[in-house]
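Structure, as structure tokens:
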There are 2 protein chains.
Amino acid sequence: MARVFNFGAGPAVLPVEVLERAQAEMLDCDGTGMSVMEMSHRGKKFVSIAEKAEADLRTLMGVPDNYKVLFLQGGASSQFAMIPMNLKALSSSGAADYLNTGHWSEKAVAEGKRFVDLNLVADTKPSKYTTLPSQGDLKFNPDASYVHYTPNETIAGVEFGYIPETGSVPLVADMSSTILSRPVDVSKFGMIYAGAQKNIGPAGLTLVIIRDDLIGHADASVPAMFNYKTHAENGSMYNTPPSYAWYIAGLVFEHLLANGGLSKMAEINERKAKKLYAAIDGSDGFYRNPVDVNARSWMNVPFILKDDALDKPFLAESEKAGLAALAGHRSVGGMRASIYNAMPEAGVDALISFMQDFAQRHG
Amino acid sequence: MARVFNFGAGPAVLPVEVLERAQAEMLDCDGTGMSVMEMSHRGKKFVSIAEKAEADLRTLMGVPDNYKVLFLQGGASSQFAMIPMNLKALSSSGAADYLNTGHWSEKAVAEGKRFVDLNLVADTKPSKYTTLPSQGDLKFNPDASYVHYTPNETIAGVEFGYIPETGSVPLVADMSSTILSRPVDVSKFGMIYAGAQKNIGPAGLTLVIIRDDLIGHADASVPAMFNYKTHAENGSMYNTPPSYAWYIAGLVFEHLLANGGLSKMAEINERKAKKLYAAIDGSDGFYRNPVDVNARSWMNVPFILKDDALDKPFLAESEKAGLAALAGHRSVGGMRASIYNAMPEAGVDALISFMQDFAQRHG
């Protein structure tokens with residue numbers, strides 16, 4: 001079968017050029033006579049792969065020198081505990097501010113409150129996570145150890161259009177589903193983290209970009225593997241890292257640099273999102289996006305059909321048309337198109353054509 | 001370049017048939033039109049891959065029904081903390097017995113003692129980890145919560161020839177470097193764990209086989225991701241698992257089953273090890289294995305050259321002969337040949353020929 005357009009929320013589509021390169025190198029990477037999967041993480045070849053990946057990411061995102069880039073395991077779900085365990089001692093208050101704006105921030109809150117005195121400065125659950133607070137709505141505790149938020153929520157499909165202004169309190173962002181989708185001023189954050197499986201690479205790799213002064217505050221109750229200091233001091237090789245995922249991430253970074261970097265990505269992503277929302281809004285109510293217009297995500301676009309009896313035929317027919325994984329999350333219903341970096345514009349065009357055709361036939 | 005014989009200690013050689021299958025499926029797994037890396041872990045295709053991997057492993061190892069098999073992240077280094085955090089409440093003593101028999105058990109001890117009242121029942125450090133205690137030497141605390149040991153140590157190259165008898169106290173084994181090398185009676189263990197990167201698959205996957213009654217004893221201070229209960233209750237999909245590594249592990253399990261299972265592996269591994277040790281012992285002192293004969297590992301074979309000035313030429317010439325990654329760990333010196341399941345017997349034969357030729361030329 002030919003490649004499909006994969007609209008899944010994650011693990012998600014990867015650039016075909018990256019997969020082709022990985023395929024070509026599977027049995028012999030660069031004349032070593034072995035797969036990257038088989039290489040010692042301390043050998044010359046893998047170390048050069050790892051260092052290039054970090055350097056390329058630093059270039060792509062403009063990561064300042066006073067930030068470490070860590071290649072970890074455990075997903076965002078591990079970060080939900082690691083963040084309070086490592087950062088709560090940043091202030092004498094032992095308190096932290098959280099924004100609850102969707103499924104993932106809700107999970108960060110649930111785990112976080114087990115380890116820190118947690119204060120909700122925003123909660124959009126009453127709107128079913130279809131809205132976001134405005135900058136002016138946010139009243140932060142100036143004595144908090146940190147502020148945590150989720151710039152993009154994959155399930156409801158909301159995305160912040162601004163970076164919350166937290167003064168001198170470090171801002172921590174779960175960028176799992178929006179990292180690398182556009183340029184971002186890293187210096188506005190104390191820490192950025194992301195599970196790899198949307199815009200970076202395979203599941204099983206977690207990227208952490210953390211300012212130096214946030215490292216080294218964990219107390220003796222924190223396991224070595226949950227302490228940022230352990231990983232920062234050992235170049236993410238305290239133990240064997242997820243080396244193959246690191247390698248694929250490096251190929252993705254290289255691919256992004258070769259294709260215009262994050263400003264080019266932003267241009268394409270904005271265009272992809274705008275045309276898809278325009279198709280939804282212009283469907284005379286056949287399709288509907290439940291999210292407040294100012295809070296719409298560029299990455300995850302949920303849409304509801306006017307009659308949920310049409311969901312099944314929509315999914316069956318779209319699948320046949322080579323448009324995969326469009327089923328919405330059960331908490332929202334309907335459909336969801338995740339249109340990450342690696343979703344080509346042609347995929348969005350094909351989806352829009354299909355949607356228009358489907359609406360005509362079932363309208 | 002052709003494939004080399006890779007004697008690295010881990011990440012290590014994988015079966016070429018597995019890599020070829022992964023290569024063939026890289027852009028399109030089984031007609032799905034996508035790579036396994038791109039699939040939702042909750043989708044039908046990946047769930048079938050994951051379930052088959054578990055079923056095949058259960059068949060291979062004869063895992064009893066009252067054990068869970070977990071596919072986790074974080075490596076053995078995370079287990080070093082998770083084990084005491086989850087198991088110390090198994091007895092009212094809050095104490096645990098550890099055997100210190102090498103580099104890796106030393107790391108387990110260092111992390112473990114931060115979380116449990118830890119008692120060393122054996123310590124072979126005075127012998128530079130070249131010996132192992134005998135069954136009769138081991139006096140266990142009958143009130144301990146568990147006993148921890150490392151059946152095979154990759155650096156010094158020692159391997160237990162027996163399973164310590166701990167009575168009703170659960171035995172926990174770090175089998176990272178020996179799992180799947182031979183049949184093992186799982187029912188003798190409370191828990192077996194292994195980083196994947198030696199005999200299972202790519203780094204970034206950690207296998208845990210745990211008896212049901214050992215699950216559910218973590219207290220409220222334990223992060224959700226460090227609690228076995230979290231993963232047992234969610235089929236290892238509480239969060240996005242390292243799905244590509246899980247898939248590769250499944251291909252390895254399938255390959256082992258198709259090639260005679262673990263008794264066949266044991267037969268081959270024993271033969272490989274015996275002939276390599278025989279070559280070392282029969283070299284008139286040109287090569288020397290520092291380990292007590294009864295404690296020699298089937299998986300990791302260190303050997304010292306009679307003159308360490310010969311180390312450099314040995315490494316340079318062996319590399320040219322397609323024998324890769326033979327440098328010994330700096331704490332032992334000399335060479336180390338890791339001869340895991342996926343190292344073909346032809347690789348060991350080639351190494352022995354090279355060693356004999358090298359000794360003749362430099363003897």
Side-chain angles (χ1 to χ4, degrees), chain A residues 1-4 6 8-14 16 19-20 22-23 26-28 31-35 37-41 43 46 73-78 80-82 85 111 114-115 195 197 201-205 220-221 223-226 238-245 248 322 324-325, chain B residues 1-4 6 8-14 16 19-20 22-23 26-28 31-35 37-41 43 46 73-78 80-82 85 111 114-115 195 197 201-205 220-221 223-226 238-245 248 322 324-325:
Chain A
M1 183 176 185
R3 296 267 300 165
V4 296
N6 172 8
V13 57
L14 287 166
V16 68
L19 294 173
E20 283 168 347
Q23 183 177 47
M26 181 59 86
L27 279 94
D28 177 11
T32 57
M34 59 180 83
S35 174
M37 254 181 246
E38 302 175 294
M39 285 178 192
S40 168
H41 56 296
F46 185 75
Q73 301 184 51
S77 295
S78 292
F80 297 161
M82 287 174 75
M85 290 172 107
E111 184 74 354
R114 300 177 54 212
F115 303 99
Q197 64 271 14
L205 172 69
S221 71
M225 285 291 290
F226 261 36
Y238 171 73
N239 71 329
T240 313
S243 51
Y244 196 74
I248 298 287
Chain B
M1 182 175 187
R3 295 267 300 165
V4 296
N6 172 9
V13 56
L14 288 167
V16 67
L19 294 172
E20 283 167 348
Q23 182 176 48
M26 181 58 87
L27 279 94
D28 177 11
T32 56
M34 58 179 85
S35 174
M37 256 182 245
E38 303 174 293
M39 284 178 192
S40 168
H41 55 298
F46 185 76
Q73 302 185 48
S77 295
S78 292
F80 298 161
M82 287 174 74
M85 291 172 106
E111 184 74 353
R114 301 176 55 212
F115 303 99
Q197 65 271 16
L205 172 69
S221 71
M225 286 291 290
F226 261 36
Y238 171 73
N239 71 328
T240 313
S243 50
Y244 196 73
I248 298 286

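By convention in this document, chain letters (A, B, ...) are assigned in the order of the sequence lines, proteins followed by strands, and residues within each chain are numbered from 1.
- Ring geometry for Tyr244(B) against Tyr244(A) counts as parallel: the plane angle stays under 30°, on a 0 to 90° scale with 60° as the upper cut.
- The two residues Met85(A) and Pro223(A) have their closest heavy-atom pair at CE-CD, 4.2 Å.
- With rounding to the nearest 0.5 angstrom, the OG1 atom of Thr240(A) is 8.5 Å from the CD atom of Gln73(A).
- A pairwise comparison of heavy atoms in Ser35(B) and Met26(B) identifies CB-O, 2.8 Å as the closest pair.
- Only the side chain of Ala324(A) comes within contact range of chain B, with at least one heavy atom under 4.5 Å from a heavy atom of that chain.
- For a residue to count as touching a neighbouring chain, one of its non-hydrogen atoms must lie under 4.5 Å from one of that chain's; by this rule Phe226(B) touches chain A with the side chain only.
- A donor-acceptor pair under 3.5 Å is formed between the side chain of Gln23(A) and the backbone N or O of Gln23(B).
- The part of Ala81(A) that comes within reach of chain B is its side chain, from C-beta onward, which places non-hydrogen atoms under 4.5 angstrom from that chain.
- When each of Pro242(A), Ala22(A), Pro11(A), Gly204(A) is checked for heavy-atom pairs under 4.5 Å with chain B, Pro11(A) comes out on top.
- Put simply, CE on Met34(B) and CG on Leu19(A) are 11.5 Å apart, with the number rounded to the nearest 0.5 Å.
- Of the two parts of Phe46(A), neither the backbone nor the side chain holds a non-hydrogen atom closer than 4.5 Å to a non-hydrogen atom of chain B.
- Interface check for chain B: of the options Gly8(A), Ala245(A), Ser78(A), the most heavy-atom pairs under 4.5 Å are formed by Ser78(A).
- When Ser243(B), Ala76(B), Pro241(B), Ala224(B) are compared by the number of non-hydrogen pairs under 4.5 Å with chain A, Ala224(B) comes out ahead.
- Interface remark: of the candidates Ser77(B), Gly43(B), Gly201(B), Ala325(B), Ser77(B) forms the most heavy-atom pairs closer than 4.5 Å to chain A.
- Counting heavy atoms from C-beta outward, Val4(B) and Thr32(A) have side chains that stay 4.5 Å or more apart.
- Contacts between Gln197(A) and chain B at a heavy-atom distance below 4.5 Å involve the side chain alone, from C-beta outward.
- The candidate from Asn6(A), Leu27(A), Leu14(A) with the greatest count of non-hydrogen atom pairs under 4.5 Å with chain B is Leu27(A).
- The residue among Gly74(A), Ser40(A), Ala9(A) with the most heavy atom pairs within less than 4.5 Å of chain B is Gly74(A).
- The part of Phe115(A) that comes within reach of chain B is its side chain, from C-beta onward, which places non-hydrogen atoms under 4.5 angstrom from that chain.
- Put simply, CE on Met82(B) and CE on Met225(A) are 10.5 Å apart, with the number rounded to the nearest 0.5 Å.
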